[in-house]
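Encoded as structure tokens, the structure appears first; notes follow it.
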Amino acid sequence: MEKQKKIALINDMSCLGRCSLTVAMPIVSACGFEAVPLPTGIFSAHTEFEGFVCADLTDKMQDITEHWKQLNTRFDGICTGYIATKEQADIVKRFLIDFKKSDTFCVVDPVMGDNGAFYKRIDEDFVNEMRFFCSMADVIVPNVTEAEMLAGIDCTKPPYSIDHIKEVMLKLCNIGAPKIVITGIESEDGQIGCAVYDSFTKKANMFFTPKTDGRFPGSGDVFTATLTAALMNGKDFFDAVQIAMGYTCECVEKTAESGSDRKYGLAFEPLLGKLIKAVK
Ligand code: PXL
């Protein structure tokens, strides 16, 4: 058997409401990678659930990474997601400096906001931290709101015009990440999709698919985990984006059809078998 690759997943553990680690771990594991979680916090359920409780793991993150250093742990991939505070951001920055080697593939999801608004904890200092992470990444996957924040453009609401997305993408290129995927673009003709740019080939593209009505928490996390797995399996960048979009959309459709409460996240598990074949 080929040597298995290890991916560090820096994200929160929301126990109920499939998102962040409860999505990233099974997806990258199913795709053949060893998933190594670095939890930023444990939530009873993600923050859209009324009355959630949370244990912050900032101090433990430091201890965990120290132990990994003593063990000479090497990661083939690093994927960052929900980071709660500036202090945690500093720890993750240290982590990237210590563990990102020349052959470590790094994907950053700069979780900061959605639908034209910042999440509560986000201020301009935090956006600057995210700009730094993004500059160290091989691929960044902001949604439109996060892309606007990183680019220093006022946040707008969907639907988005193609010209606006092009303007955001042009400014984002200055951040330094060589490959960019802007996710969750709700277009003026009722579709949803991604804009992609590869600074190595200087090629840009947009991919759209029909949109299922309503919000689906955790769908961004399904997308990012799938994209990471597909890219680390050697898929071409634009192909990997389409695989991740296809899987996420199919999970969204199946979840909508099932009539389950969408707050509990995407029913991604029944489709994992199909995903494994697609990323091979
Ligand atoms: O990516 C979704 C997510 C992750 N982590 C936490 C969240 C959410 C969405 O609300 O609350 C804690």
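Whatever order the structure lists them in is the order used to number ligands and atoms, beginning at 1. Model, not experiment: these values are computed from the prediction.
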Q. If we ignore angles and hydrogens, is there a donor and acceptor under 3.5 Å between the side chains of Ser187 and Asp189?
A. yes
Distance-only criterion, 3.5 Å: show the donor-acceptor pairs between side-chain atoms of residues 101-112 and protein atoms not counting sequence neighbours.
unit_1	atom_1	unit_2	atom_2	d
Lys101	NZ	Asp98	O	2.9
Thr104	OG1	Phe75	O	3.1
Thr104	OG1	Lys101	N	2.9

Q | Residues which pass side chain to side chain contact (heavy atoms under 4.5 Å, CB included) with Gln62, listed by chain and number, not counting sequence neighbours | A | Ile91
Atom pairs and distances, ligand 1 N/O vs protein N/O under 3.5 Å:
unit_1	atom_1	unit_2	atom_2	d
ligand 1	1 (O)	Asp221	OD1	3.4
ligand 1	1 (O)	Asp221	OD2	2.7
ligand 1	5 (N)	Asp12	OD1	2.7
ligand 1	5 (N)	Asp12	OD2	3.4
ligand 1	10 (O)	Thr47	OG1	3.4
ligand 1	11 (O)	Thr47	N	2.8
ligand 1	11 (O)	Thr47	OG1	2.5

Q. Is the closest side-chain donor-acceptor distance between Gln88 and Thr58 under 3.5 Å?
A. yes
Q: Quick one: list whatever passes ring-ring contact (aromatic ring centres under 6.0 Å, His included) with Phe132, sequence neighbours left out.
A: none
Q) Would you call Lys157 and Glu186 a salt bridge, using N to O less than 4.0 angstrom? A) no
